[in-house]
There are 2 protein chains.
Amino acid sequence: MTSTPEPETATRTTKGERTKARILDASLELFMDLGFEKTTMRKVAERADVSVGNAYYYFESKEHLVQGFYGRSDEDHHVACAPILATETSFKRRLEKVLEAKLDTSEPYHHFSGLLFKTAADPASPLNPFSAESQPVRDHSVALMREVVEGSDIKVHKDLADDLPDLLWLYMMGVILFWIHDTSTGRARTRRLVAHTTGLVTQLIRLSGLPLMGPLRRRAKRLLVDLRAAPDEEIVAGASDGGNSRAVDTTSGPDER
Amino acid sequence: MTSTPEPETATRTTKGERTKARILDASLELFMDLGFEKTTMRKVAERADVSVGNAYYYFESKEHLVQGFYGRSDEDHHVACAPILATETSFKRRLEKVLEAKLDTSEPYHHFSGLLFKTAADPASPLNPFSAESQPVRDHSVALMREVVEGSDIKVHKDLADDLPDLLWLYMMGVILFWIHDTSTGRARTRRLVAHTTGLVTQLIRLSGLPLMGPLRRRAKRLLVDLRAAPDEEIVAGASDGGNSRAVDTTSGPDER
DNA sequence: GTCTATAACCGGATAGAC
DNA sequence: GTCTATCCGGTTATAGAC
């Protein structure tokens with residue numbers, strides 16, 4: 001609409017952008033140092049050399065500060081996966097390495113990702129992995145899983161082929177859920193879970209191709225079709241919940257990064 | 001120390017017990033009316049005719065109040081299941097009806113269980129279904145699932161028999177997770193999910209008995225043994241997290257049986 | 001109109017007197 | 001067991017600076 005003539009020579013970032021970045025950086029540092037709970041907005045503001053009110057000018061809430069992690073971690077994961085997908089051909093090992101990469105890239109955030117998950121689990125939150133708002137990230141991850149399958153040596157029965165990437169994504173969500181609760185040193189338990197279940201999954205995919213499995217396959221297929229077909233039919237009434245003013249956008253802003 | 005001579009004839013409940021019950025009742029009413037967020041401890045205290053401090057004398061935190069729901073809903077569920085378990089013998093139908101009963105008895109809480117779940121998903125929360133605090137309820141539900149299996153016509157391969165109740169409990173958790181996100185009228189989508197997946201699960205259990213499945217069974221078995229064997233090895237350093245006093249065990253406990 | 005700061009408000013939680 | 005007074009931190013109202 002308006003002209004917004006962008007000072008062509010000047011510092012590429014506006015003052016506001018720089019302030020926003022400073023606040024985000026400060027919060028990231030503090031989250032890493034102290035975890036989510038012990039990081040107060042007052043400390044964030046102080047470290048970023050702004051007032052508390054100013055921090056809220058740029059970020060709707062403390063939780064919104066955390067959103068930066070989401071994108072960053074997903075980005076890291078994809079980068080870490082590139083060499084794996086380029087060289088490995090065994091399905092089992094592709095899957096396993098991709099999941100291990102997920103754990104590795106997420107590790108720095110483990111001590112507060114419980115919190116992240118907490119908001120992500122809220123059906124009303126835009127961070128929710130099933131929400132419309134997170135569809136881009138979700139699609140991105142599903143695509144990764146499709147690559148895992150397609151670049152591999154495994155043969156997938158055609159009944160299953162279309163849905164497998166989605167199912168693998170779901171499986172990864174499950175692994176992450178486990179990981180979040182895992183306090184063993186080096187996430188040893190989650191690593192074991194991955195080592196075991198990747199084999200299990202691979203075997204299942206192979207077995208699912210057997211003629212004997214026809215009825216099971218078809219039944220599963222019907223389930224998926226059925227669930228996908230029916231839209232979410234929002235129930236309107238429910239004003240009873242936490243009436244946060246929190247507008248719809250939240251994520252909308254071009255999150256730079 | 002003191003004598004505390006318990007008036008032997010008087011009202012069977014002590015004053016403390018009555019106060020505690022009053023606070024819990026007040027909170028339940030308010031949660032139903034206002035949801036979790038809009039229910040404040042001050043309102044709870046006021047309705048229960050006690051001071052805020054007194055409410056905290058009986059309940060460690062606001063979240064602990066919510067646990068009352070867990071127990072009550074679980075109780076309702078068990079009651080609703082009794083006639084099913086007494087009469088139905090088909091495994092598939094036992095499972096399906098038990099899950100449907102779960103949905104029915106949980107329905108009154110659906111409008112705020114999203115928020116409930118939000119805290120429940122936090123590994124640090126006492127509401128977390130995997131936490132030590134919820135172990136009694138968890139054990140209770142697992143036992144229910146054992147009954148579903150044992151009173152039914154299904155034949156379970158002995159490799160699987162011990163673990164099946166736990167796995168079914170996990171399956172139920174998954175259904176609830178879906179239900180929480182389900183805004184379709186009458187939770188139609190969740191009901192469809194149940195209708196489909198109970199058949200799927202039943203079929204899987206049957207198929208798992210085939211000789212062909214030996215390797216898969218053994219692999220799965222190894223996974224479960226392996227994960228259970230290793231205790232949670234609390235990482236000591238991490239003072240960074242919410243510093244809850246929460247004890248270490250969670251999973252380690254000799255899972256009864 | 002974009003940015004920044006100060007001073008509250010509100011609600012969960014706690015200390016300590018009675 | 002029960003209360004009052006207070007802390008603490010997320011969040012907001014609002015006034016003003018650039």
Side-chain angles (χ1 to χ4, degrees), chain A residues 1-7 10-11 13-24 26-27 30-31 34-67 112 115 118-119 242-247 250 253, chain B residues 1-4 6-7 11 13-24 26-27 30-31 34-66 115 118-119 122 124-127 242-246:
Chain A
M1 283 101 200
T2 72
S3 44
T4 55
E6 299 259 326
T11 42
T13 53
T14 72
K15 178 138 152 276
E17 276 164 353
R18 267 177 283 120
T19 306
K20 180 170 181 174
R22 225 169 53 240
I23 294 168
L24 187 59
S27 75
L30 286 168
F31 285 148
L34 311 175
F36 184 78
E37 320 257 65
K38 300 221 267 209
T39 297
T40 72
M41 288 304 278
R42 285 161 176 90
K43 280 182 200 157
V44 170
E46 189 185 7
R47 176 171 304 214
D49 263 313
V50 295
S51 68
V52 182
N54 200 8
Y56 274 96
Y57 176 79
Y58 288 105
F59 297 92
E60 275 182 54
S61 76
K62 188 178 170 185
E63 285 181 359
H64 277 79
L65 281 170
V66 155
Q67 279 189 310
F112 67 87
L115 240 297
K118 194 173 139 168
T119 59
N244 276 13
S245 62
R246 134 169 84 101
T250 41
Chain B
M1 289 101 209
T2 71
S3 43
T4 55
E6 298 259 324
T11 43
T13 52
T14 71
K15 176 139 151 277
E17 276 163 354
R18 267 176 285 121
T19 306
K20 181 170 181 171
R22 225 169 53 240
I23 295 168
L24 187 59
S27 75
L30 286 168
F31 285 147
L34 310 175
F36 183 76
E37 319 255 66
K38 299 221 269 208
T39 298
T40 71
M41 289 303 279
R42 284 160 175 90
K43 282 183 199 155
V44 170
E46 189 184 8
R47 178 173 301 215
D49 263 312
V50 295
S51 68
V52 181
N54 200 6
Y56 275 97
Y57 175 80
Y58 288 104
F59 296 92
E60 273 181 57
S61 75
K62 189 179 170 185
E63 286 182 0
H64 278 81
L65 280 171
V66 156
L115 291 170
K118 194 174 142 167
T119 59
D122 180 357
S125 165
L127 289 183
N244 276 16
S245 59
R246 140 174 81 108

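The sequence lines fix the lettering, A, B, ..., with proteins before strands; numbering per chain opens at 1.
Residue order along DNA chain D, read from the 5' end via each residue's closest nucleotide, puts B:Arg22 first among B:Arg42 and B:Arg22.
For the OP1/OP2 pair of D:dC3 and a distance below 4.0 Å, the side-chain nitrogens and oxygens of B:Asn54 include at least one atom meeting the criterion. The phosphate of D:dT2 (OP1 or OP2) has a side-chain N or O of B:Tyr58 nearer than 4.0 angstrom. Using a 4.0 Å cut-off, some side-chain N or O of B:Lys15 falls inside it from OP1 or OP2 of D:dT2. Dashed line: the shortest gap from a side-chain N or O of B:Thr19 to OP1 or OP2 of D:dT2 is under 4.0 Å. In this model, the phosphate group of C:dC3 is not approached by any side-chain N or O of A:Lys20 to a distance below 4.0 Å at OP1 or OP2.
In this structure, B:Leu30 places its CG atom 13 Å from P of C:dG11, rounding to the nearest Å. Here C:dG1 presents its P atom at 12 Å from OH of A:Tyr57, a figure rounded to the nearest Å. Remark: P of D:dG10 and OH of A:Tyr56 are 6 Å apart, rounded to the nearest angstrom. With rounding to whole Å, A:Arg18 atom CZ is found 11 Å from C:dC3 atom P. Going from atom NZ of A:Lys62 over to atom P of D:dG9 covers 9 Å, rounded to whole Å. As rounded to whole Å, 15 Å separates atom C1' of C:dC10 from atom NZ of B:Lys38. As a whole-Å value, the separation of A:Met41 CE from D:dT12 P is 10 Å. Taking atom CD of B:Glu37 as the reference point, atom P of D:dG10 lies 15 Å away to the nearest angstrom.
Across all strands, A:Gly16 comes closer than 4.0 Å only to sugar-phosphate atoms, never to a base (heavy-atom distances). Residue-level contact check: A:Val50 touches the backbone only, with heavy atoms under 4.0 Å from sugar-phosphate atoms and none from bases.
A donor-acceptor pair under 3.5 Å links the side-chain atoms of A:Lys43 to the main chain of A:Lys38, judged by distance alone.
Comparing atom distances between the A:Ser51 side chain and each of C:dT2, C:dT6, D:dG1 picks out C:dT6 as nearest.
The side-chain tip of B:Lys62 points at the ring of B:Phe36 from less than 6.0 angstrom away and within 45° of straight on.
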